[in-house]
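Here is the structure we will look at, set down as structure tokens.
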Amino acid sequence: MIAPPFYEIPPLGYGGIELICAELVEALVSRGHRVTLFGAGTRSRTRARFVSTNPRLQHDRLGQAVPELLHAARVRRLLQDSGGAFDIVHDHSAAGPLTAGARVTPTVLTMHGPADGEFGDYYADLDPAIGQVAISDFQRQLRPGLNWVGTVHNGVDPDRFVPEHHPDGPVLWLARFNAEKGPDLAIEACRAAKLPLVLAGKCNEPAERRYLHDVIDPMLGPDVDLVLDPDREAVRRMLTAARCLILPIRWHEPFGLVMIEAMASATPVVALRRGSVPEIVDHGVTGWIGDDPDDLPALLRRCRTIDPAACVARVRRHFSTGIMARGYENVYRSMIMRGLPLTEPAGT
């Protein structure tokens with residue numbers, strides 16, 4: 001299992017890919033697999049055997065190419081030195097797949113980012129032996145010509161969340177501070193609905209700080225509680241305390257992990273119909289989906305009609321770590337079988 005080199009696994013705060021790596025590792029180990037996890041830092045709080053490519057986590061260099069390239073080069077060498085000890089390589093990093101074509105061990109790549117645009121062009125030009133896995137049907141449909149070998153939804157362990165719904169709590173927006181995530185739309189919708197809002201999320205990169213200063217700060221008021229860079233425990237508390245999660249995204253979100261985290265906390269989701277949202281939120285059952293930002297205030301007021309138990313049940317039925325692990329097991333087996341040599345029938 002190859003994780004990116006930026007955050008600890010599992011992450012203490014922000015780090016969706018790292019969280020999925022950790023959850024998948026734990027589920028696979030529980031199902032009897034021996035897992036080696038390649039990452040950065042000095043430890044992994046998982047049950048995998050951990051191999052570090054750099055003792056220093058690279059979160060302060062997020063978005064730079066060199067940390068990813070160095071990580072990929074070191075993982076390549078470590079895999080080469082292992083002498084073929086692995087049945088499958090599962091890569092969650094951006095640069096790592098560039099080295100996959102040179103090894104015999106089959107490689108699976110989970111596409112955590114968008115499948116269109118330049119990212120899609122990059123994935124299309126990778127070695128055709130790499131099996132690419134989508135995290136939503138929507139993501140896969142954006143680029144149907146890629147070497148898809150499966151669609152596996154992200155999953156969380158529902159038992160890590162506290163499913164105690166608070167219908168009188170504040171609305172929660174939880175994301176990175178940028179225009180694509182729509183924090184300004186969240187403020188406008190909650191203000192129109194006369195509901196308090198907790199605006200919480202990642203804000204430690206220069207572009208995020210500029211967006212907060214230039215766009216969001218002038219919109220703040222006593223009805224908005226701002227929480228910057230919360231840790232995982234604070235995130236879980238906020239998810240439980242919220243009347244609903246608002247996700248007024250302006251882009252085609254390939255998955256949206258925060259939606260299943262909210263539902264695992266018995267918290268309904270109010271979102272705009274973008275990307276994978278209709279695939280994750282059951283409209284009228286686990287939340288409400290609007291087509292336009294003007295729809296959001298009325299939908300926020302309708303959240304009391306959502307049964308919190310239905311939210312938790314949807315996660316357990318469709319988006320648990322066990323379901324995610326079984327999906328990847330099927331992908332691993334198909335990739336391993338694809339690489340096996342054909343045998344001639346006896347007597348020929």
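Here, residue 1 is the first one in the sequence, and each next residue gets the next number.
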For the backbone of Thr267 and the side chain of Ser265, can you confirm whether one donor and one acceptor N or O come within less than 3.5 Å of each other? no
Taking side chain as C-beta onward, heavy atoms only, is Leu272 less than 4.5 Å from Asp295? no
With rounding to the nearest 0.5 angstrom, report the CZ to SG distance, Arg304 to Cys244. 11.0 Å
Check ion pair Glu261-Arg232 (N to O, under 4.0 angstrom): yes
Counting C-beta onward and ignoring hydrogens, is there a side-chain heavy-atom pair between Phe177 and Leu199 closer than 4.5 Å? yes
Sub-4.5 Å side-chain heavy-atom contact between Glu18 and Pro4: yes
According to a hydrophobic-cluster definition based on side-chain heavy atoms being under 4.5 Å apart (Ile, Leu, Val, Met, Phe, Trp, Tyr only), do Met335 and Ile135 belong together? yes
Verify side chain to side chain donor-acceptor pair (under 3.5 Å) between His318 and His153, making sure each step is shown before the conclusion. CA-CA 8 Å; His318 298 286; His153 290 129; over 6 Å; no
Please confirm whether the backbone N or O of Lys181 pairs with a side-chain atom of Asn178, one donor and one acceptor, at under 3.5 Å? yes
In short, Leu296 meets Ala189 closest at the heavy-atom pair CB-CB, 3.7 Å
Are any side-chain N or O atoms of Asp91 and backbone N or O atoms of Leu109, one a donor and one an acceptor, separated by less than 3.5 Å? no
Is it the case that more than 12 heavy atoms not belonging to Arg61 sit under 6.0 Å from its CZ atom? yes
Note, Pro5 side chain near Asn54 side chain (heavy atom, < 4.5 Å): no
Does Phe119 CZ have over 12 foreign heavy atoms under 6.0 Å away? no
Who are the side chain to side chain donor-acceptor pair (under 3.5 Å) partners of His71, not counting sequence neighbours? Thr53
dist Leu78:CG -> Asp81:CG (nearest 0.5 Å) comes out at 6.5 Å
Could you please spell out the steps behind the salt bridge (charged side-chain N to carboxylate O under 4.0 Å, His left out) verdict for Glu253 and Arg274? CA-CA 7 Å; Glu253 185 91 55; Arg274 308 280 188 271; over 6 Å; no
Does CD in Glu233 sit with more than 12 non-hydrogen atoms of other residues, nucleotides or ligands closer than 6.0 Å? yes
Please state whether the rings of Phe138 and His252 are parallel, tilted or perpendicular, taking 30° and 60° as the class boundaries. tilted
Side-chain contact, heavy-atom cut-off 4.5 Å: Val35 with Arg47? no
Would a distance-only check, ignoring hydrogens and angles, find a side-chain to backbone donor-acceptor pair under 3.5 Å from Ser276 to Ser136? no
Is the number of heavy atoms from other residues, nucleotides or ligands within 6.0 Å of NE2 (His166) greater than 12? yes
When rounded to the nearest 0.5 angstrom, what distance separates CD in Gln64 from CG in Leu69? 11.0 Å
Report the C-alpha distance between Arg45 and Leu12 in whole Å, list the side-chain angles of each, state the deciding distance to 0.1 Å, and finish with yes or no for side chain to side chain contact (heavy atoms under 4.5 Å, CB included). CA-CA 10 Å; Arg45 289 174 293 116; Leu12 299 175; 3.1 Å; yes
Could you state whether Met111 and Met324 fall into the same hydrophobic cluster, counting links through intermediate Ile, Leu, Val, Met, Phe, Trp or Tyr residues with side-chain heavy atoms under 4.5 angstrom apart? no
Kindly give the heavy-atom pair with the smallest separation between Ala193 and Pro297, and that separation in Å. CB-O, 3.7 Å
Hey, is Arg237 close enough to Asp231 for a salt bridge, meaning N to O under 4.0 Å? no
From Phe6 atom CZ to His59 atom NE2, the distance as rounded to the nearest 0.5 Å: 11.0 Å
Identify the heavy atoms of Gly182 and Trp173 that sit nearest to each other, and give their distance. C-NE1, 3.9 Å
May I ask you to say whether Arg160 pairs ionically with Glu23, meaning some side-chain N is under 4.0 Å from a carboxylate O? yes
Report the C-alpha separation of Thr286 and Arg314 in whole Å, then their side-chain angles, then the decisive distance to 0.1 Å, and conclude whether the side chain to side chain donor-acceptor pair (under 3.5 Å) test is met. CA-CA 8 Å; Thr286 67; Arg314 181 161 177 79; 4.5 Å; no
Check whether any side-chain N or O of Gln132 sits under 3.5 Å from a backbone N or O of Tyr123 as a donor-acceptor pair, and report yes or no. yes
Heavy-atom closest contact (Arg191 atom, Leu220 atom, distance): NH2-C, 4.1 Å
Given the rule in the side chain to side chain contact (heavy atoms under 4.5 Å, CB included) test, do His165 and Asp307 qualify, once you have shown the distances and angles that lead to the verdict? CA-CA 9 Å; His165 184 49; Asp307 180 4; over 6 Å; no
Please examine the side chains of Leu226 and Leu212, heavy atoms only from C-beta on, and report whether any two atoms are closer than 4.5 Å. yes
Would a 4.5 Å heavy-atom cut-off, applied to side chains only, mark Met219 and Pro183 as touching? no
Quick check for you: to the nearest 0.5 Å, what is the distance between Gln139 atom CD and His112 atom NE2? 9.0 Å
Less than 4.0 angstrom from a charged side-chain N to a carboxylate O is my criterion; do Asp184 and Arg250 meet it? yes
Would Thr110 and His90 count as having a side-chain donor-acceptor pair, cut-off 3.5 Å? yes
If you round to the nearest 0.5 Å, how far is CG of Asn204 from CZ of Arg176? 11.0 Å
Are the side chain of His283 and the backbone N or O of Ile289 linked by a donor-acceptor pair below 3.5 Å? yes
Taking side chain as C-beta onward, heavy atoms only, is Leu197 less than 4.5 Å from Asp223? no
Using side chain to side chain donor-acceptor pair (under 3.5 Å) as the criterion, list what pairs up with Arg326, not counting sequence neighbours. none
Minimum heavy-atom distance Ala100-Ile130, with the two atoms named: CB-CD1, 3.7 Å
